[in-house]
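Working notes for the structure below.
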Amino acid sequence: MNETNRLQKIRNLGVRLQELELVSLTPGKSYTGAALNFLFADHELVRPTGLPLEHTLKTLGAAIAEKRKVRFSNLDADAVIDFFCRLYRVH
């Protein structure tokens, strides 16, 4: 998946999180940023800044896998996005 598609899926996740009233979007902020901030905060992780999106998502996935003591053979940025989209039922 290319970065544009990743950003769109994360944006859709942010919209869904707002629908579920898990995040409230402040003026001037993006759904994408709100979704990423929520995911990192919800898993008690510090969101890295200044890193490419793919690295940020891999960091999130690895931290969650470590926290839950789960091993993945192929955990990439797309798998992390798909996991959260399924979890919050984003189409």
Measuring from atom [atom1] of [X] to atom [atom2] of [Y], what distance do you get when rounded to the nearest 0.5 angstrom?
X   : Y   : atom1 : atom2 : result
I64 : E44 : CD1   : CD    : 11.5 Å
L53 : R6  : CG    : CZ    : 6.5 Å
N2  : N5  : CG    : CG    : 4.0 Å

Taking only residues two or more places apart in sequence, or in another chain, which ones meet D42 in a side chain to side chain donor-acceptor pair (under 3.5 Å)? none
Pair up each side-chain donor or acceptor in residues 32-39 with any protein partner under 3.5 Å, not counting sequence neighbours, and list the distances.
from : atom 1 : to  : atom 2 : distance (Å)
N37  : OD1    : R47 : NH1    : 2.7
N37  : ND2    : G33 : O      : 3.2

Contacts of K29 that satisfy side-chain contact (heavy atoms from CB on, under 4.5 Å) - sequence neighbours left out: L25, T26
Side-chain donor-acceptor distances from residues 9-23 under 3.5 Å, at least two apart:
from : atom 1 : to  : atom 2 : distance (Å)
K9   : NZ     : D82 : OD1    : 2.8
N12  : OD1    : Q8  : NE2    : 3.0
N12  : ND2    : Q8  : O      : 3.4
R16  : NE     : Y88 : O      : 3.0
R16  : NH1    : E19 : OE1    : 3.4
Q18  : OE1    : Y31 : OH     : 3.1

Looking only at non-hydrogen atoms, find the nearest pair between A77 and E54 and report the distance. CB-CG, 3.8 Å
With sequence neighbours excluded, tell me which residues meet ring-ring contact (aromatic ring centres under 6.0 Å, His included) with H43. F84
Honestly curious: do L87 and L45 fall in one hydrophobic cluster under the side-chain, below-4.5 Å linking rule? yes
